[in-house]
Amino acid sequence: MHQAVPAGASAEPNGADHANVVKMVSENPVIVIGTRGCCMCHVVQKLLQGLGVNPPVYEVGEGDEAAVAGALSREIVGGGDGDGAGTVQFPAVFVGGKLFGGLEKVVATHISGELVPILKDAGALWL
């Protein structure tokens, strides 16, 4: 089951969408944010579902990528001031309201056996 939340779902101006995605990050133990139709987002989602986590997937439209990444960088990560550090790149996985990383980070922590404890600590798993 694909549980995607399209970025343009509300009839409000784009600023409301950016506030909405920031709110979603803070309200969900795990959330995947990526561009619409991104195969890497699908891989992250399937890996997490295989562990028992059913994360929402927020799909960002083509024209909103920079604005959503900038909003997340400023309000969640605390970066995005032009130096490249702290900038959100898609797909982005947020765990416990903080930027965890992308596909490579999720796969690496899964292989090392560190992912399940992190998901438990965030409240995404109850095993």
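In this structure, the side chains of Y58 and V32 stay at 4.5 Å or more apart for every pair of heavy atoms. Contact annotation: the side chain of M40 never approaches that of V44 to less than 4.5 Å [non-hydrogen atoms, C-beta and beyond]. Between L115 and F100 the shortest side-chain heavy-atom distance falls below 4.5 Å. L47 has its side chain within reach of H110: a pair of non-hydrogen atoms, C-beta onward, lies under 4.5 Å apart. The closest side-chain heavy-atom distance from V68 to F90 is below 4.5 Å. Looking at V93 and I33, their side chains never come closer than 4.5 Å, going by heavy atoms from C-beta outward. The closest side-chain heavy-atom distance from T35 to E65 is below 4.5 Å.
Residues V88 and S73 come closest through the heavy atom pair N-OG, 2.9 Å. When all heavy atoms of P55 and Q49 are compared, the closest pair comes out as CD-CG, 4.4 Å. Scanning both residues, C38 and P91, for their nearest heavy atoms gives SG-CD, 4.4 Å. Counting all heavy atoms, side chain and backbone alike, E59 lies closest to G37 at OE2-N, 4.3 Å. The shortest non-hydrogen separation linking V116 to L51 is CG2-CD2, 4.2 Å.
No donor-acceptor pair under 3.5 Å is formed between the side chain of S26 and the backbone N or O of G97. Between the side chain of D64 and the backbone N or O of V60 there is no donor-acceptor pair closer than 3.5 Å.
Separating the NZ atom in K120 from the CG atom in L125 is a distance of 7.5 Å, to the nearest 0.5 Å. Between the CG atom of L72 and the CD atom of Q89 there is a distance of 12.5 Å, given to the nearest 0.5 Å. Note that the CG atom of L103 and the NE2 atom of H42 stand 12.0 Å from one another [nearest 0.5 Å]. Separating the CG atom in L119 from the OG1 atom in T109 is a distance of 8.0 Å, to the nearest 0.5 Å.
The stretch residues 102-112 participates, sequence neighbours left out, in no salt bridge (Lys or Arg N to Asp or Glu O under 4.0 Å) pair at all.
Annotation: E62, atom CD; neighbour count of heavy atoms from other residues, nucleotides and ligands within 6.0 Å does not exceed 12.
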